[in-house]
Amino acid sequence: MDTFGAGLVHDWSLEDEEIVTSTSPHPDNEDFDSLEKHFIPYDGKSTGFGRQEQSDFHEIDYLPSSDEESSSQVVEAHANALLGDLIVGEDDELSTAESIELNPFDGLPYSSMYYELLKKRQSLPIWKAKDDFVLAVDDSPIVLITGRAGSGKSTQVPQWCVQFARESNFGFGTVVCAQPHAQVAMSLAIQVAREMDLTEVGNEVGYKIPQRNCTNQDTVLQFCTDDVLLREMADDPLLHKYNFVVIDEVQERSISIDILLALFKVIQNSRDDLRIIIISQSYEMPKLEDFFEEVPIVDLHFLEEQITDGSENLKEEHRRAKAEAERLNKLEINYRPVETGSHVQEVVSLAVRLHCDPSTEGDFLVYLPTTEDIEEACEQITRDVAIESLRDGCEEVSVIAIHKKLVHGAQQAIYENTEKVDEESKKRRIIVSDEITESSFSTDYIRVVIDSGLKEEEVYNCRTRTRSKNLTWISCDSALARTDRCNIGGKIYRIYSEDVFTRMKDSTTPCIRRMELTTHVLLLKRLLQRLNMNFSHCHFIEPPAPEAYMLALEELDYHGALDENGNLSDLGAVMSEFPLTMPQTKAVIASCGEDCVQEVLSIIAMIVSPSWRLNPRGFEKEARGLHKALAHKCGGHFTLLNVYQQYINHKRSESWCSKNYVNVNALKQAEKVRIDLLSVLEGLELPISEAVQDADILETSVKRALLAGFFMQVARDVDGCGNFLIIRDKHVARLDPTSLVDTKSDWVLYDEFLLSENSCISTVCGVRPFWIAEISPQSYLANLPQHEGKDYLLKLAARWRKQAARQAAEPDADLNLHSQRRVQSTPKSLTTTHSEADQVGSHNSNAHPKSFQIERTKRTGGETSSEDPKSNDDVDDSDVLTQAARDMAFVYRKASDYVTNREAGADAQCIVQ
Ligand SMILES: Nc1ncnc2c1ncn2[C@@H]1O[C@H](COP(=O)(O)OP(=O)(O)OP(=O)(O)O)[C@@H](O)[C@H]1O
């Protein structure tokens, strides 16, 4: 029974069609108008009676009952009675009419499904804490909540916030709930919309994740990723759009979560009508309590009487509570160190053995570290169970892979199959996953957890500026979180020894201490600037390493995102609008000056989406042959472009994709990313060129635009044998063996370099050294570690500057290859702008307008070199001078004007107390 309630409290039994009413007043029943509003949408077709669910990701559709007419008549009768009663006898509080409880959001009577779900919801442990929650939010701007997995925190708390706001007229009543993973945000929106009896996701309840905004002006509860919320905060630091901000799964400690928490500490007292709810697993609570000091805590562990002694060290207390919970829940913990030599083999054989044992109950949740391991295990389990069922008649199984690289929405399979499988066929589900299911995704059916104890961890080394992915033991906190996914009476199999468990480190290193920070520092700079603050005002739970922060600033500076005082430049403000990494953003912006926007957008969209290549086991050779046929001679970036264009040319045909072993979901996602990026460009009013027709022009333009962003990701083949020296840090790498095109170029730019035993670079295309010298900032080239390639690039750069200076002195001498190319390809919208751009003159295309002025003074001051590097690489480029640079200046100025104007309007709001 909904005691908090959006109004009347009823118990509605469908079987006997009796309606029992109690008298809690509905806030909207106070006047006739609002009641009438509730009835207007009702058309007699959609009815709350006997609604059945038929949902997909976006729409939760309800079919009318078979006896539609009579049901609708009953509703209509109730409605008329209610209206009649209200008109005739306003004083009669317990009129028959009041017996219908209406959903305040769509005005329809609640369905039977709503009451069914409400009953389930109310049995969740979190409901014991509802009163505590209400008292806490009434009292404090920040509230901490903790409780065991599946207790209902993520699904119930956001709904309570909506109710609280409605009941107490708290601001506009809008709520945002941020999650670390996009798929979780999406699946929660679907579930909560269902629980609120709403027919569609995207209206009152919606989600906003990268590349997908499923909300509208009616949305009162928005689920989103923490990255999305941080971006919203960059626009509106005091989050005026919301009255409740819920940050869920804080124990994951993504970079965005840590930044958000630091900012909340700054803004917590700035608005009376803002409440911040922080939800975390228990092991992170001591840190959060210390960080926020004196804020109320709603702790379900206490409510469930698993922790009794409040005087000892809390962390220890929670650990004890976990151990106690394991015992209380009668979870059986087994340690089975790997014997066969492979954790995948060990996990597979154990899962198959347990599945074939008739005494084993429920679904299984299996943890493996990498996507490859997960896919291999899924295939082997399916195959081995099929063999076993032929031999021993063992039951069929449904194997589901859930991992970080799946396209959005795929994870919903965990919940979608539950009812079907559990109730219809009773087929067991084996979910094979990585750490993404350590939090969220609790289901009531997991009875076996098989934990390899391993995970793949990404680490960024500040000193060498390299990213690596390492296979490591999980932390003790993670092991307990995995254990916590198992339901009462279940069994835990740890594929490692007890000794390993006791030696595991206590907690996982937060992302802010081990990952690259550039994109986040850019956003933070923008945000702090809006608040008239600087980095020293921000206190983090654990601050980033100073070297990582300095490196981020250095990279921002190389990209022209900072001005001479270290503040965000105009270009930096423009760049912070893009939900991309710094190099990707810069390449997209540069494509506006190089007239290849369409192509670069497709390439970047393909890069940020999951891999387009499918390599089903047993068909690897055939798939590689077909993939090679799609490869482009100009390199990996052009192959991505080609695949995307082919997909569009084939009218997005799924059969074309499956024939060519192309991942259709990845292509669909890429198309969404592309649309998203295009709308950012349009929003910034940047010039968007038509697709390029001439292949040579296309190659040059795209490579130059990419280089404008990826100039720090350049390598040189030092011996002609494919040993590439990364010029930034002198690591040596080879071309990724799975690459489809073998590059013949001495100089390449790459998308990814992973440091490992066999370090390799992937998504590679050849570039001309003259372009590198021209496009890279001079300070970057000068700071490169000493090697032959650096000397060569510096000579080319000196030569370029000399030519640029000559060109600046003779502005009419503009007839060069590059400008001819532009005459052919410049869209009409740009042709009028050249005279304006001419005033800016020549400059390095990586500099922003302000610093450009300084650079030009230096150049014309005679800082040139007479050395002439001896290379054939730059023959045709000697005349490539200023046109692209002028266009870039125009592009930056136009975009920064737009951002400056927009931000000037919003600045007045940002007053922090
Ligand atoms: N998308 C969904 N579809 C169906 N059921 C769901 C969905 N999300 C959650 N549930 C169910 O709702 C109940 C409460 O889950 P909820 O996620 O709110 O718990 P939680 O305390 O937040 O757990 P966690 O610590 O895992 O996040 C669980 O029984 C779960 O199975």
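In listed order, ligands and their atoms are each counted from 1.
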(message) Regarding Arg148 and Gln281, do their side chains bring together a donor and an acceptor under 3.5 Å, going by distance alone?
(response)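 There is no such pair (donor and acceptor under 3.5 Å, judged by atom type) between the side chains of Arg148 and Gln281.
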(request) Measure from NZ or CZ of Arg212 to the centre of the six-membered ring of Tyr207, then state whether that distance is under 6.0 Å and the direction lies within 45° of the axis. (result)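 Judged by the rule (NZ or CZ under 6.0 Å from the ring centre, within 45° of its axis), Arg212 is not positioned above Tyr207.
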(message) Cation-pi check for Phe223 against Lys208: NZ or CZ below 6.0 Å from the six-membered ring centre and within 45 degrees of the axis, yes or no?
(response)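 No, Lys208 does not sit over the ring of Phe223.
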Per-pair distances, 0.1 Å, donor-acceptor, side chain in residues 134-142, under 3.5 Å, sequence neighbours excluded:
residue: Ser140; atom: OG; partner: Ile142; partner atom: N; Å: 3.2
residue: Ser140; atom: OG; partner: Ile142; partner atom: O; Å: 2.6

(message) Asn103 vs Leu198, test: side-chain contact (heavy atoms from CB on, under 4.5 Å). Steps then yes/no.
(response) CA-CA 8 Å; Asn103 187 332; Leu198 298 167; 4.0 Å; yes
(message) Please check whether Gly150 reaches ligand 1 - meaning an N/O of the residue sits under 3.5 Å from an N/O of the ligand, judged on distance alone.
(response)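 Such a contact does occur with ligand 1.
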(request) Looking only at distances, please establish whether an N/O atom of ligand 1 is found under 3.5 Å from an N/O atom of Ser154. (result)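 It does: an N or O of Ser154 is found under 3.5 Å from an N or O of ligand 1.
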(message) As a check for students: among Thr146, Ile145, Thr155, identify the option with a heavy atom nearest to atom 18 (O) of ligand 1.
(response)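 Looking at heavy atoms only, the winner is Thr155.
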(request) Would you indicate which of Pro158, Ser187, Gly152 comes nearest to atom 14 (C) of ligand 1 when only heavy atoms are counted? (result)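 The option holding the nearest heavy atom is Gly152.
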(message) With heavy-atom distances below 4.0 Å as the criterion, list the atoms of ligand 1 near Lys153.
(response)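 This gives 18 (O), 19 (O), 20 (P), 21 (O), 22 (O), 23 (O), 25 (O) as the contact atoms.
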(request) With heavy atoms of Glu249 as the reference, note each atom of ligand 1 found under 4.0 Å away. (result)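 Selected atoms, number and element: 24 (P), 27 (O).
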(message) Does the residue Ser151 have a heavy-atom contact with ligand 1, meaning some pair of atoms that are separated by less than 4.0 Å?
(response)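 Judged by the 4.0 Å heavy-atom criterion, Ser151 does count as contacting ligand 1.
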(request) For Gln156 and ligand 1, answer yes if some heavy atom of the residue is under 4.0 Å from a ligand atom, otherwise no. (result)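 No heavy atom of Gln156 comes that close to ligand 1.
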Donor-acceptor contacts under 3.5 Å from residues 446-453 side chains, at least two apart:
residue: Arg447; atom: NH1; partner: Asp444; partner atom: O; Å: 3.1
residue: Asp451; atom: OD1; partner: Gly453; partner atom: N; Å: 2.7
residue: Asp451; atom: OD1; partner: Arg482; partner atom: NH1; Å: 2.7
residue: Asp451; atom: OD2; partner: Tyr496; partner atom: OH; Å: 3.2
residue: Ser452; atom: OG; partner: Tyr367; partner atom: O; Å: 2.9
residue: Ser452; atom: OG; partner: Leu454; partner atom: N; Å: 3.3

(message) Please work out, at 4.0 Å between heavy atoms, whether the side chain, the backbone, both, or neither of Arg485 comes within that distance of ligand 1.
(response)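 The part of Arg485 near ligand 1 is the side chain, not the backbone.
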(request) Determine the sole option in Ile277, Val192, Val246 for which the side chain to side chain contact (heavy atoms under 4.5 Å, CB included) test with Cys177 is passed. (result)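 Of all the options given, the one that passes is Val246.
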